[in-house]
Amino acid sequence: QVQLVESGGGLVQPGGSLRLSCAARGNILSIYAMGWYRQPPGKQREFVATIITGGSTNYVDSVKGRFTISTDNAKNTVHLQMNSLKPEDTAVYYCNVVNSGTIYWGQGTQVTVSS
């Protein structure tokens, strides 16, 4: 019984920034990894970033140098700081968490990058 609650999406101009947050609530036993995926309009969901136990991070090439994933372990929360946003970053962003071997997904939050 784990619920992921996302926040922080919205409309931003190209070059702007947004910070997404995702809080895991419920029966949090052992989080192995937390991350972010996104689904652009008309496209498949794709990997964006992940952070695993110990702080190791991975990013899709298209966001490297612009996005930063981080966690607040005390609050079971993962953040995605998105800078220098581009129109192609427009998507519904979904957080996920691996807890005790089970993958959970957030409800999604819309990020729109447009002039």
Side-chain angles (χ1 to χ4, degrees):
Q1 184 77 338
V2 174
Q3 182 182 18
L4 304 183
V5 181
E6 302 183 25
S7 62
L11 174 64
V12 65
Q13 294 184 336
S17 298
L18 285 173
R19 187 174 188 251
L20 306 182
S21 298
C22 174
R25 302 172 181 174
N27 187 24
I28 308 301
L29 298 179
S30 181
I31 295 178
Y32 173 72
M34 302 186 79
W36 293 92
Y37 286 68
R38 66 187 181 187
Q39 187 168 14
K43 298 182 179 180
Q44 300 295 312
R45 187 176 299 188
E46 64 184 15
F47 167 79
V48 177
T50 188
I51 184 167
I52 63 175
T53 301
S56 180
T57 59
N58 287 288
Y59 301 89
V60 67
D61 286 345
S62 60
V63 309
K64 289 181 178 178
R66 301 189 297 119
F67 291 11
T68 302
I69 187 170
S70 63
T71 58
D72 182 342
N73 291 331
K75 298 180 179 180
N76 294 315
T77 298
V78 62
H79 304 283
L80 186 67
Q81 178 66 46
M82 304 184 294
N83 299 324
S84 302
L85 283 162
K86 305 175 180 179
E88 49 263 46
D89 295 318
T90 295
V92 178
Y93 283 71
Y94 299 88
C95 65
N96 76 326
V97 60
V98 181
N99 179 65
S100 296
T102 302
I103 301 175
Y104 299 88
W105 292 93
Q107 81 280 8
T109 185
Q110 177 69 49
V111 172
T112 302
V113 185
S114 179
S115 299

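Computed from a predicted model, the values in this text were never measured in an experiment. Start at 1 with the first residue, then count along the sequence.
Judged by distance alone, with hydrogens and angles left aside, the side-chain atoms of N99 form a donor-acceptor pair with the main-chain N or O of N27 at under 3.5 Å. Under the 3.5 Å distance criterion, the side-chain polar atoms of T71 are left unmatched by any main-chain donor or acceptor of V78. Using modelled atom types, one side-chain atom of T50 and one backbone atom of M34 make a donor-acceptor pair closer than 3.5 Å. In this structure, N76 contributes its side chain and A23 its backbone to no donor-acceptor pair below 3.5 Å.
For Y94 against E6, the heavy-atom pair with the smallest separation is CA-OE2, 3.3 Å. Scanning all heavy atoms of the two residues, the minimum distance from I28 to A24 falls at CD1-CB, 3.8 Å. Here the closest heavy-atom approach between residue I31 and residue V97 is recorded as CG2-CG2, 3.6 Å. Annotation for A49 and Y59: closest pair CB-CD2, 3.5 Å, computed over non-hydrogen atoms. For the residue pair L20 and G9, the shortest heavy atom distance occurs at CD2-N, 3.5 Å. Minimum heavy-atom separation, L85 to V12: CD1-CG1, 3.4 Å.
Counting heavy-atom neighbours within 6.0 Å of Q1 CD, excluding the residue itself, gives a total of 12 or less. More than 12 heavy atoms of other residues, nucleotides or ligands sit less than 6.0 Å from atom CD of E46. Residue-environment remark: OH (Y32) stays at or below the threshold of 12 foreign heavy atoms within 6.0 Å.
For the atom pair OG1 (T57) and NZ (K64), the distance works out to 9.5 Å, reported to the nearest 0.5 Å. Interatomic distance, OG1 of T109 versus CZ of R38, reported as 14.0 Å (0.5 Å rounding). Once rounded to the nearest 0.5 Å, the distance linking CD of Q107 with SG of C22 reads 7.5 Å.
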The test is side-chain contact (heavy atoms from CB on, under 4.5 Å); show your working for Q110 and T90 and say whether it passes. CA-CA 8 Å; Q110 177 69 49; T90 295; 4.0 Å; yes
Apply the test side-chain contact (heavy atoms from CB on, under 4.5 Å) to residues W105 and R45: give CA-CA distance (whole Å), side-chain angles for both, the deciding distance (0.1 Å), then the verdict. CA-CA 12 Å; W105 292 93; R45 187 176 299 188; 3.2 Å; yes
Assess whether side-chain contact (heavy atoms from CB on, under 4.5 Å) is satisfied between Q81 and S17, documenting all intermediate values. CA-CA 7 Å; Q81 178 66 46; S17 298; 4.0 Å; yes
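Between Y93 and F67, the angle of the ring planes lies from 30° to 60°, which puts this pair in the tilted group.
Checked for salt-bridge contact, D89 and K86 miss the test: no charged N lies under 4.0 Å from a carboxylate O.
In terms of hydrophobic clustering, with Ile, Leu, Val, Met, Phe, Trp and Tyr side chains grouped at heavy-atom distances under 4.5 Å, I103 and V5 are assigned to different clusters.
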